[in-house]
2 protein chains.
Amino acid sequence: MSSPARPRAAVVVTGTEVLTGRVKDANGGWLADRFREAGVEIGTVVVVGDRPEDLHAALSWLTPTHALVVTTGGLGPTADDLTAEVVGAHQGRPLEPDEGLRTRVQARIDAVTARNGWSLDPAAAAEGARKQSLVPRGATVIEPVGTAPGLVVPPARGTGAPVLVLPGPPGELQGMWPLAVLDPHVAAVLDAGVPLVQERLRLWGTLESDLAALLRRLEDAPGSRLSAVELTTCIDDVGELEVVGRFSPDDADAWHALVDAVADEFGATLFSPDGRSLDALLAEALRSAGATVATAESCTAGMLASRLADLPGSSDYLQGGFVVYANEVKRDQVGVPEEVLAEHGAVSAEVARALADGARTRLGTTWGVGITGVAGPGGGTPEKPVGLVHVCLTSEDVVLAEALHLRGPRERVRRRTVVTVMHRLLAQLRG
Amino acid sequence: MSSPARPRAAVVVTGTEVLTGRVKDANGGWLADRFREAGVEIGTVVVVGDRPEDLHAALSWLTPTHALVVTTGGLGPTADDLTAEVVGAHQGRPLEPDEGLRTRVQARIDAVTARNGWSLDPAAAAEGARKQSLVPRGATVIEPVGTAPGLVVPPARGTGAPVLVLPGPPGELQGMWPLAVLDPHVAAVLDAGVPLVQERLRLWGTLESDLAALLRRLEDAPGSRLSAVELTTCIDDVGELEVVGRFSPDDADAWHALVDAVADEFGATLFSPDGRSLDALLAEALRSAGATVATAESCTAGMLASRLADLPGSSDYLQGGFVVYANEVKRDQVGVPEEVLAEHGAVSAEVARALADGARTRLGTTWGVGITGVAGPGGGTPEKPVGLVHVCLTSEDVVLAEALHLRGPRERVRRRTVVTVMHRLLAQLRG
């Protein structure tokens, strides 16, 4: 890495539900992106539960060595929401009631309650407003988007990072960010950053280790400038390999050289050289072909159609489809002949083909998709084991049939089937 | 809490892709559950990226105050996988090649490659095996499930926690856990634990603050034993409120008293007093009623049908359905009359009703579900704004129609619609 030293920030996520994995934290990554855009690196995220000692210990560890520490969560009305108190104590600023803030918080609780038609116990609401308007002495209040105010809490004396205190619900945290960055302590850290550009590319069907071998060769080549790009690679459980590069704007040529080398070596699997998602690329390809799609899904049971409808405007290409779980539905609604079902069985190339053609002709679309398989964990036989999925994609001129042999749990077999069909359709549309 | 002091462990998750939120960590929560079952508390999870200094700093912070530190990830074949080296250095044990292990890792790489039909560059594979078989001097090797071995690395001298090093892929980590707990250092920590029972209940439609008010009343009641239960509450973005209680087996009566009090106060919303999921409860209710379901979905476009197929054996109740994105599909496949579409528009109670009846009668099921709405972000009008979704549930005798007014992004409107329909159907089946 040739990038100059950047100021560093750290995030402390509070909440037992995050610690135990029952809720996935959405804030750490979002904050890391915001800081990275400003050229401030987040190198550490700490997750602690509801024990105040643990939050205090995390602050004691992080504040001496970072320019800013951000906490998320623990600002709610319940007794286990202790972030303001612990941060205040750590920074030498005891809590004090803020009467004006209490009134504003109470008004927000009333408004939210009325808007949602909730019936909230007035005593509980008043107690919540009282608690949520306790402010560490001398801290700056960030006005709430929900009902919980944020805080900027610099140390009362001595050195150490100021602590930016934000609520846990991602909508509130993100809504308050524009206010948070106006605070002089926060602004000073962001302004000291050295912005990096972030670009990405996506492959499907290439292994991380094969990519690593290419990267080693490129790095070892004479005159290589690849080390100017901070690279991370990551493969997900349906086989998408994402490569993220971060670099100073001056080093953009090093990233582009990498993209060219990947395209040379893995041209068949590099489906997104600019990082756009499979969903967005497929939507664009369908739109520019003026093509429409109909589905007939057995084991995926609507997962493909639902995914095709994820992006706004999907009615441009998705007409509709069939969920054909029972054999009679395959026969009566999509027209799969009884003989085909009897002779080949529901999980067969022949039925996948009949489903694709039936969906396409019944809905009058350009493309039809048929999916039938054994998602598991039960229902497998030696001839048709769990993970066998027949997919078929047809248009008036094209028949693309494939038997997938997928591993993993039911949920992954189904998800992987959907992703495979989307890639096959994208490849067809690209010609 | 009356529970006695328990030994504590900490988890360090490594990986820039987790730190930046591109990959959600699945291991921290899984490990927390395993430790909790043994009565060992995990109070802190630290996430660090690929910078070795950050991992080193986290180990220096955590090893003095914990009985065991577990690291996950960073054991892969690429150059940025540095966990073994950094942990070894921290514990005073430099890396040494383990020739026997190298042979076993190479054999595993060959087997995985052959099984998946991958073509792996032999030089890259050999380099990976060499790197993955470097072991801190005197550490114990945990045999790999994938290709990455685990490690148990006690400090070479002095005090401080041993470090259990596990790979990042959840399947590998979980597969190696039974071997990891056999290691004497790991076993000693788990054996010192004081096991707690964990129970949960689920509500839908009750606010966290209303529950908090009840909890305060219960705690303040004379003779209350609620403080014997360690409680966490958490509401997700579709309105499910989960209450988790952890308690010593001797304090089970305190948990049951809480469940009774919640049932008294929130009987209408407490759908799962024993913590079973909505999906499992609905599946059970459909099965015991011998009932079947057919769907006709517009804005959710198959998401409900796909969700109903999530559990194995779902063909017992899910017959199939229709994805009716285009109006012609509503008309031609499900029989929504042209006049109804013209008079009331596609997003209307009348069309939802016709969809439910059409799906039910065409597929011959007990229940039919019709869904039509404006998921957004575009397509709203003053009369039919974004978030308006008409749902209808019909059987031969019952018609349950409802206009939902949902807030939030497209994805959440669709997911919340699906959850609402599942709750309504569960309530119907329960009578």
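No hydrogens, no waters, no symmetry mates; every other heavy atom, side chains included, goes into these values. So that the names make sense, note that chain A is the first sequence line, chain B the second, and so on, each numbered from 1.
Minimum heavy-atom separation, A:Y325 to B:A309: OH-CB, 3.5 Å. The shortest non-hydrogen separation linking B:G302 to A:S306 is C-CB, 4.0 Å. Closest approach of B:S314 and A:R410 over heavy atoms only: OG-NH2, 3.4 Å. Across all their heavy atoms, B:D54 and A:G43 have their closest contact at OD2-O, 3.5 Å.
When each of B:A10, B:A57, B:S298 is checked for heavy-atom pairs under 4.5 Å with chain A, B:A57 comes out on top. Counting heavy-atom pairs under 4.5 Å between each of A:G313, A:A125, A:G15, A:A58 and chain B puts A:A58 at the top. The most heavy-atom pairs under 4.5 Å with chain A, out of B:A375, B:A326, B:G376, B:P312, come from B:P312. When each of B:A305, B:A123, B:G171 is scored by its heavy-atom pairs under 4.5 Å with chain A, the top score falls to B:A305. Between chain A and the residues B:L304, B:V48, B:V324, B:D310, the largest count of heavy-atom pairs under 4.5 Å involves B:D310. Ranked by non-hydrogen atom pairs under 4.5 Å with chain B, the options A:A26, A:G378, A:G320, A:G321 are led by A:G321.
Contact annotation for A:R415: neither backbone nor side-chain heavy atoms come within less than 4.5 Å of a heavy atom of chain B. If you measure heavy-atom distances from A:L31 to chain B, you find no contacts under 4.5 Å at all. Interface remark: B:E53 contributes no atoms to any contact with chain A (heavy atom separation under 4.5 Å). Of the two parts of B:E41, only the side chain, counted from C-beta on, holds a non-hydrogen atom closer than 4.5 Å to a non-hydrogen atom of chain A. Neither the backbone nor the side chain of B:L215 comes within contact range of chain A, judged by heavy atoms closer than 4.5 Å. Heavy-atom distances place both the backbone and the side chain of B:T44 under 4.5 Å from chain A.
One finds the CE atom of A:M303 at 11.0 Å from the CZ atom of B:R307 (value rounded to the nearest 0.5 Å). To the nearest 0.5 angstrom, A:Q319 atom CD is 10.0 Å from B:N327 atom CG. To the nearest 0.5 Å, atoms CG (B:L19) and CZ (A:R36) are separated by 8.0 Å.
Using a 4.5 Å heavy-atom cutoff, the side chains of A:L363 and B:E328 are not in contact.
Ion pairing of B:D332 with A:R362 is absent here, as no side-chain N (NZ or NE/NH1/NH2) approaches a carboxylate O to less than 4.0 Å.
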